[in-house]
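Labels below follow one simple rule: chain letters A, B, ... track the order of the sequence lines, proteins then strands, and each chain is numbered from 1. Since the structure is predicted, the reported quantities are computational estimates derived from the model, not experimental observations. We use all heavy atoms of the structure for the numbers below, so side chains are in, but hydrogens, waters and symmetry mates are not.
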Amino acid sequence: MLEKNFDPKSFEKKFLFDEEAARRNENAEPFMILLPPPNVTGSLHVGHSLCYTLQDIVARYKRLKGYDVLFQPGLDHAGIVTQLLVEKQVYERGIPKGSLTREALLEEIWAWKEKSGCQILGQMKVLGISCDFSRLRFTMDEGSQKAVAKLFVNLYDDSLIYRGERMVNWDPLIRSAISDLEVIEKEIDGNLWHLKYKLQDSEDFITVATTRPETIFGDVAVAVNPADERYKDFIGKTVLVPLINRPVQIIADEYADPAKGSGAVKITPAHDFNDFEVGKRHNLPASNIMNANGELDGDVPEAFQHMDRFAARKLVVELMEKEELVVKTEKIKHKVPFGDRSGVMLEPRITRQWFIDAAKLAVPAIEAVKNGDIKFTPKHWENLYFEWMNNIEPWCISRQIWWGHRIPAWYGPDGQVFVAENIQEAWKKATTFYGKDNIKLVQDEDVLDTWYSSGMWPFVTLGWPENTKDLQRFYSNMLVVTGFDIIFFWIARMIMMGLHANVTLDPLNASRASEVYATSLKLDSFSGASKTYASSTFGVEAASAKVNARAARTPFRNVYIHALVRDEKGNKMSKSKGNVIDPLKLCDVYGADALRYTLASMASPGRDIKMGQQTVEIGRNFLTKLWNAVRFAQMNDCASYNKEFDVNSVEHPFAKWIVHKIRNMITDIENSLDNYRFDEAARHIYQCVWNSFCDWYMEFIKPILQSASDSKDEIREVTSWAILQFVRVLYPIAPFISKKLSEDIGVGEMAWPDANAITLDCNDSVQKIDGLQNIISSVRSIRKFMGIPPSEKLEVNIETADPKLQDVFGEYKEILLRMAGISAVDKLEGQSIPLVLDGIVIHIRFDGKISVQSEKERLNNEIKKLMKDKDNALNRLNNNDFLQKASEEVVQEHRDRVESINEKISKMEYIINVLNLTPPAFI
RNA sequence: GGGCGCAUAGCUCAGCGGUAGAGCACUACGUUGACAUCGUAGUGGUCGUAGGUUCGAUCCCUGCUGCGCCCACCA
């Protein structure tokens, strides 16, 4: 027996570590959900809870549907974030900055990871996320390390990874290169300084505008537009860079925009992306004047050596002001690049880094989405994917930090690079190269971008590079659920790396594992993606052989992009704004199920989720309602599972009616969940439980349960059955309460209901009950209108010529009386008033409780409304085009509508006439 | 500058080529043995704007406005 109060805490703990995840079936269709591995530093925020809940709903649903579901959890080592965090803790312990060795820091991080790095896993369990935690992987575990090195070597061998000196975005705080995606453009207040650059051997000068005066020491030219009349005579002349008097040329370059600044721009190739390009065009040297910390360095005056860039900026301006070289200082707002993680202003910097030739890998990855091998939901996110992929830049994968996958490259004494999976392999290569052994090799100091190992997640978690059974079974049969901001970082990289990885297709499993890439391993049998991929990577001739060996497959088929969770005002949640909602607190107050239900119900596509504390009450209230309904059923012996019960055998119209509602609910929910419409699924169960089952069915059956009716047993059985169906369809969304209730009603294993097995013909009953509902609602409505208190029973006399409705009245008289608060009599005494319904008139005795006038008013209002509807329909029916072009059904529907309105109106008008003639009597 | 999304009741949002929907809020009534985290009945909308397609448009198409976002550029 359920407790009177619905208290999620009383049972959620009990099912916390439910074993569903382990429910695997090797004979069933494989289905995998790849959980986006949270950062090892992470703790559950409300965005996670949405993302994880949606996947968990799919996972549980698919399990019930009989799939062999692998819900793969993991943790991401999150290079920069984690290192920053642990470093900070170490410094707080009093260990001086910079005194830790690489090995010591790594030891600290590993220790921290083991001790407190995985708290999010426990929080996921509170939320009921049914990952197979026994398969937990870490992006830096041994398997990942091997796989990362292996793929690196593959990519290097295929010339898709290379090392080069390039200008990259440099983070002076982290002291590392970062990728373009980790750059955040922020609009800030700044100054545009107009500075005088004096011409050599002349008192004349040219005004150069810059926002970054501290970089003048790196100036190697001044550029003007060749078409700019103002500066025509300056081209080719030499100016002196202020403060250092370095002579540089005035060059003509299209890059200089006459409309911007002064029209003359200083060229500092080592410290600006555009200047770098200009420098290349004009063969100018790149003079680097800044170190990794963002301090001035190199060819700068003594006073500026090792001065911070911002201090240097100030000093340069001061000195130039003293020399009266500042023409004007313009206050401007401009966008400046900042580091996503560090929050500091970035510096363009020329460094030697490792890159992935993303443009090449993108070709098959674009094709895979274009040809539908991979589908995004909602589909419009594919545009964003294409937009980025079509303009993709080389991916800088090296980071100058310590926490991460060390780049598997070793250097010989002469700097010769050997890329190999491990030092032994590197030695072998070195021995061959130098023709002698005992070569001293030094490993590259850098580590890989965190997203490199994340990009390999789909196959690494399945055991790659080993050709495991899991890899054969689950690779490609995957769903990934994530936020739109992760499409570039993760989704795109997984597709690119997945298509390149050597995920061979075992012919035996081919037909099962891949619908798109056919059973044969011949090139001809492959669709666009792998073909394009093969030819773009290896050339058309070599493609066949390589593809035969590689049999590239997409890692997954479906990508669901979920919404952003905002606060109730629609603001992005952030710690600094203080509007962050803690999902664990919500679980504590309302229960995890309530949170899950609420998130699901709000997950409609194309709209962000605005959520406040109270929003979760929607879910909590619904679950309370269900709880109480089951409790009522229990009190009446209507909540125990009977395996023998055959729902197709029920006869009572109420039973058939609820069976019909539930059958529709099941198929509706299936359609919704199959299309990732979590909001619809949540709504369907809500409406069926609340509006059909609680509001009507339970009221219908109360008199039967309290009587000695013959139907009592059947009603009990079907009520138990109904509850069981609710518990089952609710399970994916709200597993805790489902488990609790199913335990209470004595169900063993959870399963998905089979709507097709319900073959009962319910139409007749549905029609009757609809009629009954209509009568009850109408009587309630008129009673309210008349202001008759519910405690007072109304005497009514019911007349109808419709045999169907006569049946209804005959069969459900007791229900009708009870629910509408009436008592039916053959003959009314005293004053009465007629109420016109569809095909039925109910005469109600009211004994002067309302005025005739107000009843006439009411009827006239009703008629007005009906006339409007009627005119609407008549207008169409009078239109020849409508009659000719609209479908037969629609036309007939309109005719029927007009007819039934006419009937109603004429009855009402008749009543009004009678009311006009006489004081109401027995009408 | 290029692109994407959104605009429906006071609020939050569904919906849809053929009579405009839910929850919350609001109004009135109600504690009848499941449930006040509740029940019953209501109030409330020319579906952002202007055109077009159509027999018919809130829905499809185009322009516009407003809001949000992404990418690029910015001396």
Side-chain angles (χ1 to χ4, degrees), chain A residues 2 4-6 185 192-195 208-212 223 255-257 260-268 272 274-275 330 332-336 378 380-381 383-384 386-388 391 484-485 487-488 564 566 568 570 572 590 594 601-602 604-612 614-615 617-618 620-636 677 679-680 683 686-687 691 694-695 698-699 702 706 776-777 780-785 787-791 818-819 821 868-870 872-873 875-876 879-887 889-891 893-894 897 901:
Chain A
L2 296 176
K4 182 160 168 53
N5 290 321
F6 168 59
E185 300 277 347
L192 181 61
W193 285 279
H194 294 250
L195 307 174
V208 166
T210 181
T211 54
R212 305 210 51 195
Y255 165 67
D257 184 345
K260 281 178 187 160
S262 62
V265 58
K266 65 196 212 55
I267 300 299
T268 322
D272 183 283
N274 287 312
D275 292 6
E330 216 180 313
I332 56 161
K333 275 189 192 297
H334 62 148
K335 279 189 183 165
V336 174
H380 68 256
W381 291 114
N383 297 334
L384 186 70
F386 289 135
E387 183 192 314
W388 190 65
N391 302 298
F484 75 90
D485 49 334
I487 292 176
F488 304 149
L564 196 69
R566 300 169 174 278
E568 63 256 84
K572 225 171 173 173
Y590 300 103
S601 71
M602 297 198 300
S604 34
R607 206 186 274 266
D608 288 344
I609 294 177
K610 287 182 198 167
M611 201 170 87
Q614 283 87 350
T615 323
E617 287 178 10
I618 301 170
R620 192 268 318 260
N621 293 356
F622 170 61
L623 298 176
T624 308
K625 187 76 180 176
L626 177 65
W627 178 272
N628 283 309
V630 175
R631 209 162 60 86
F632 167 79
Q634 284 183 336
M635 289 170 181
N636 291 281
R677 287 301 304 267
D679 59 326
E680 281 182 2
R683 202 174 58 242
Y686 184 100
Q687 285 175 347
N691 304 124
C694 294
D695 288 351
M698 284 182 43
E699 296 305 321
K702 274 177 187 172
Q706 284 153 17
I776 292 170
S777 296
R780 283 171 176 170
S781 181
I782 193 82
R783 167 199 279 284
K784 188 81 178 179
F785 177 80
I788 300 166
S791 49
R818 180 192 162 103
M819 290 181 71
K868 211 175 139 195
D869 286 350
K870 186 178 142 182
N872 209 325
N875 281 342
R876 287 187 191 160
N879 184 338
N880 265 333
D881 284 333
F882 174 72
L883 294 175
Q884 278 166 22
K885 291 179 184 170
S887 79
E889 281 167 33
V890 172
V891 173
E893 205 177 284
H894 280 71
R897 201 184 302 158
I901 292 174

Taking B/rC70, B/rA75, B/rC55 as options, the one with an atom nearest any side-chain atom of A/Leu384 is B/rC70

(message) I'd like the C1' distance from B/rG44 over to B/rU49, given in whole Å.
(response) 23 Å

Sugar-phosphate only, base, or nothing, as touched by A/Tyr255 at under 4.0 Å among non-hydrogen atoms: base

Applying side-chain contact (heavy atoms from CB on, under 4.5 Å), run through A/Glu699 and A/Asp695 and close with a yes or a no. CA-CA 7 Å; A/Glu699 296 305 321; A/Asp695 288 351; over 6 Å; no

Picking from B/rC73, B/rC55, B/rA34, the nucleotide nearest the side-chain atoms of A/Lys260 would be B/rC73

**Message:** If the cut-off is 4.0 Å, is A/Lys4 near the phosphate of B/rC35, judged by side-chain N/O to OP1 or OP2?
**Reply:** yes

Checking B/rU37, B/rC70, B/rC55 against the side chain of A/Arg620 (C-beta onward), the nearest is B/rU37

A/Trp388 vs A/Ile487, side-chain contact (heavy atoms from CB on, under 4.5 Å): CA-CA, chis, key distance, verdict: CA-CA 9 Å; A/Trp388 190 65; A/Ile487 292 176; over 6 Å; no

Picking from B/rA75, B/rC4, B/rC55, the nucleotide nearest the side-chain atoms of A/Asn879 would be B/rC55

On a whole-Å scale, what distance lies between the P atoms belonging to B/rG3 and B/rU12?
30 Å

side-chain contact (heavy atoms from CB on, under 4.5 Å) for A/Arg607 and A/Met602? Distances and angles first, verdict last. CA-CA 9 Å; A/Arg607 206 186 274 266; A/Met602 297 198 300; over 6 Å; no

Heavy atoms under 4.0 Å, any strand shown: does A/Ala873 hit a base, just sugar-phosphate, or nothing? nothing

Over 60° means perpendicular and under 30° means parallel, so classify the ring planes of A/Phe6 and A/Trp627, tilted if in between.
tilted

* Can you tell me how far C1' in B/rA9 sits from the matching atom in B/rC24, rounded to whole Å? -> 12 Å

A/Glu387 CD to B/rC70 P, in whole Å, measures 12 Å

Across all chains, not counting sequence neighbours, the side-chain contact (heavy atoms from CB on, under 4.5 Å) partners of A/Arg212 are A/Thr210, A/Glu214, A/Thr215, A/Met290, A/Arg313, A/Glu347, A/Pro348

Roughly how far apart, to the nearest Å, are B/rC11 and B/rA25 at atom C1'?
7 Å

Sorted by chain and number, sequence neighbours left out, side chain to side chain donor-acceptor pair (under 3.5 Å) with A/Lys610 holds for none

* To do: May I ask you to verify whether the side chain of A/Arg780 and the base of B/rU40 hold a donor-acceptor pair under 3.5 Å?
  => no

Exercise. Could you measure between the two P atoms, the one in B/rG17 and the one in B/rG68, and give it in whole Å?
Key: 31 Å

note: A/Asp485, atom CG; B/rC70, atom P; distance rounded to Å ~ 9 Å

- When rounded to the nearest Å, what value does the distance between P atoms of B/rG5 and B/rA14 take? 15 Å

Taken to the nearest whole Å, CG/A/Leu192 to P/B/rA75 is 8 Å

From CD1 of A/Ile782 across to P of B/rA41 the rounded distance in Å is 13 Å

Of B/rC73, B/rA34, B/rU37, the nucleotide closest to the side chain of A/Glu699 is B/rA34

All stems that RNA chain B takes part in, i.e. 3 or more consecutive Watson-Crick or G-U pairs with distances under 3.5 Å, are B:1-7 with B:65-71, B:10-13 with B:21-24, B:26-30 with B:38-42, B:48-52 with B:60-64

Rounded to whole Å, CE of A/Met635 lies from P of B/rG33 at a distance of 11 Å

Below 3.5 Å between N/O atoms, which protein atoms pair up with nucleotides 42-45 of chain B? Just atom names and distances, please.
from   : atom 1 : to       : atom 2 : distance (Å)
B/rG42 : OP1    : A/Ser781 : OG     : 2.9

*Describe the nucleic acid contact of A/Glu185 in one word from base, sugar-phosphate, nothing, applying a heavy-atom distance below 4.0 Å.*
base

A/Lys572 and A/Leu564: CA distance, side-chain angles, deciding distance, side-chain contact (heavy atoms from CB on, under 4.5 Å) verdict:
CA-CA 8 Å; A/Lys572 225 171 173 173; A/Leu564 196 69; 4.0 Å; yes

Atom CZ of A/Phe488 and atom P of B/rC69 are separated, to the nearest Å, by 15 Å

Residues at least two apart in sequence or cross-chain that pass side chain to side chain donor-acceptor pair (under 3.5 Å) with A/Asn621, listed by chain then number, are none

Has A/Lys702 got its NZ or CZ under 6.0 Å from the middle of the six-membered ring of A/Phe632, at an angle within 45 degrees of the ring axis?
yes

Closest non-hydrogen contact found for A/Arg566 with A/Asp608 is NE-OD2, 2.7 Å

A/Glu889 atom CD, over 12 foreign heavy atoms within 6.0 Å
no

Note: for A/Asn391 and A/Ser262 on RNA chain B, the residue whose nearest nucleotide lies more 5' is A/Asn391

Given protein heavy atoms under 4.0 Å, the one-letter contact record of nucleotides 11-29 of chain B, with B base, S sugar-phosphate only and - none, is simply -SSSS--BB--------BB

Closest non-hydrogen atoms of A/Val891 and A/Phe882, given as atom of the first, atom of the second and distance, are CG2-CE2, 4.0 Å

Taken to the nearest whole Å, CD1/A/Ile487 to C1'/B/rC4 is 11 Å

A/Met819 CE to B/rA41 C1', in whole Å, measures 14 Å

Same-atom distance (C1') from B/rG1 to B/rA72, integer angstrom | 8 Å

- How would you label the contact of A/Gln706 with the nucleic acid (heavy atoms, under 4.0 Å): base, sugar-phosphate, or nothing? nothing

Using atom C1' in both nucleotides, what's the gap between B/rU19 and B/rU46 to the nearest angstrom? 16 Å

message = Keeping A/Arg783 on the side-chain end and A/Pro789 on the backbone end, is there a donor-acceptor pair under 3.5 Å?
response = yes

Correct closest heavy-atom pair for A/Leu2 and A/Arg631 would be O-CD, 3.8 Å

